[in-house]
Amino acid sequence: MPEQDVTEAIALPYLSFDAVARDYDISRGLPQEAQIRIGVRMRDVANWRHGEVFLDAGVGTGRFGVPLARLGVPVVGVDISANMLARMQVNREKASREEQRELPLRAARGDLRRMPVVSHAFQAALIVHILHLIADWKGVLGEIRRVLKPGGVLLMAGQGGQGSPARAFYHSLVVERGLLAPSLGAYREEVCAYLLEQGAQIEKVDMSDIAWTARRPLALTLELLRRRTWSSLRDISEADNDSLLAETTAWALRHYGSLDAIEEDEAGCSLTTVRWP
C-alpha cells in the first residue's frame with residue numbers, strides 16, 4: 001500500500017530517526033525467531049480476533065509490526081520518519097517474498113500527537129521505545145486512547161539487552177563529562193504513574209520465557225558509536241565524539257586484545273498492558 005502523507009507540524013520537540021534509519025535495525029538486533037514469539041504473545045495478550053486491526057504507533061522499521069502482520073494480524077503503522085518507513089517497506093517486502101503473500105500492513109507518515117486516523121478505529125495499539133522521544137508524550141497517550149475502541153488495549157513494549165561492554169564504557173564517559181542528552185519525554189515509570197492517575201488498569205506481562213543472546217562485532221559497535229546512532233548521543237559534537245571514541249577504542253583493545261572480538265549481551269523483551277475503563 002502507498003504511504004499516506006499527513007499532518008501539519010506541531011511545535012513541541014519530537015525526535016525523528018530519519019538520520020539513522022539505515023543503522024536502526026543493526027543497532028537494536030532482534031532475531032527473527034524472537035520477533036515472531038513476541039508477536040504471538042502480543043496478539044494473544046490483546047485477545048485479538050479475526051478482522052481486528054492493530055495500530056503500531058511509532059512503527060519505525062517494522063520490527064514488531066512486520067511480525068504481527070506475518071501472523072495474519074492487520075497492522076497500521078504510523079511514524080514521523082519517512083526514512084524509517086522506507087526501511088519498513090524493505091522489511092515488509094522481504095517477508096512477503098519469503099512467504100509468497102501480501103502482508104496486511106499499511107503505513108502512514110504522521111505525527112503521533114495528531115494521528116491521521118479516525119476515532120475508535122483499533123482494538124489494540126502498540127508503542128515501543130517512543131514516549132521518551134516526544135515532549136508532549138501525554139498528548140500521544142491521549143491520541144492513542146482516542147483511536148482505540150472502547151475496551152481496547154494499549155501494549156507498551158521494550159527491548160532489553162541492546163548494550164555491550166564497549167557501549168557501556170562509552171556511555172560512562174558521556175555521563176562523566178556531562179554530555180548525555182536529556183530525555184525529551186518520559187520513561188516507563190513516569191508513564192505508568194500518569195496512566196494510573198488517569199484511572200487506567202496496568203498489568204505487566206510475564207515475558208521471561210522469551211530471551212536470546214545478542215551478539216555484535218566490536219568493530220560494528222564502535223562504528224555505530226561513531227555515527228551517534230542511539231538517540232541519547234544526538235547532541236554530542238563531532239569533536240567530543242572523536243575524543244570519546246578514541247578512549248573507548250583504546251579501552252576495547254586493552255579489554256579484548258583485538259577489534260575482531262564479538263560482544264555478547266543477554267537480551268529480552270518487556271510488555272505491559274494498559275486498559276482504560
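We use all heavy atoms of the structure for the numbers below, so side chains are in, but hydrogens, waters and symmetry mates are not.
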Measure the NE2-CG distance between His132 and Leu184 for me, rounded to the nearest 0.5 Å.
8.5 Å
Side-chain H-bond candidate by donor/acceptor type, Arg177 with Ser243, under 3.5 Å:
yes
Using a distance-only test with no angle check, is there a side-chain donor-acceptor pair under 3.5 angstrom linking Glu266 and Thr213?
yes
Under a 3.5 Å threshold, yes or no: a donor from one side chain and an acceptor from the other, between Arg146 and Ser119?
yes
Provide the closest heavy-atom pair for Gly185 versus Trp137 in the form atom of the first, atom of the second, distance.
CA-CD1, 3.7 Å
Is any side-chain heavy atom of Leu71 less than 4.5 Å from a side-chain heavy atom of Val40?
yes
How close do Pro165 and Glu263 get, counting heavy atoms only, and between which atoms?
CD-OE2, 3.3 Å
Distance only, no hydrogens: is a donor on one side chain within 3.5 Å (strictly under) of an acceptor on the other, for Tyr170 and Glu247?
no
What's the separation between atom CZ in Arg215 and atom CD1 in Ile262, rounded to the nearest 0.5 Å?
9.5 Å
Consider only side-chain N and O atoms of Asp79 and Ser81, and report whether a donor and an acceptor are under 3.5 Å apart.
no
May I ask you to test the Thr272-Val205 pair for a side-chain heavy-atom distance under 4.5 Å?
no
Can you find a pair of side-chain heavy atoms, one from Met88 and one from Val59, that are under 4.5 Å apart?
yes
Going by atom types alone, do Arg49 and Gln123 pair a side-chain donor with an acceptor below 3.5 Å?
no
Is a side-chain N or O of Arg41 found less than 3.5 angstrom from the main chain of Asp206, in a donor-acceptor match?
yes
Please report the interatomic distance CD1(Ile127) to CZ(Phe64), rounded to the nearest 0.5 Å.
12.5 Å
Flag for Arg216-Ser164: side-chain donor and acceptor within less than 3.5 Å
no
Could you walk me through whether Lys149 and Phe122 satisfy the side-chain contact (heavy atoms from CB on, under 4.5 Å) test, starting with their C-alpha distance in whole Å, then the side-chain angles of each, then the deciding distance to 0.1 Å, before giving a yes or no?
CA-CA 6 Å; Lys149 294 179 179 179; Phe122 302 101; 5.9 Å; no
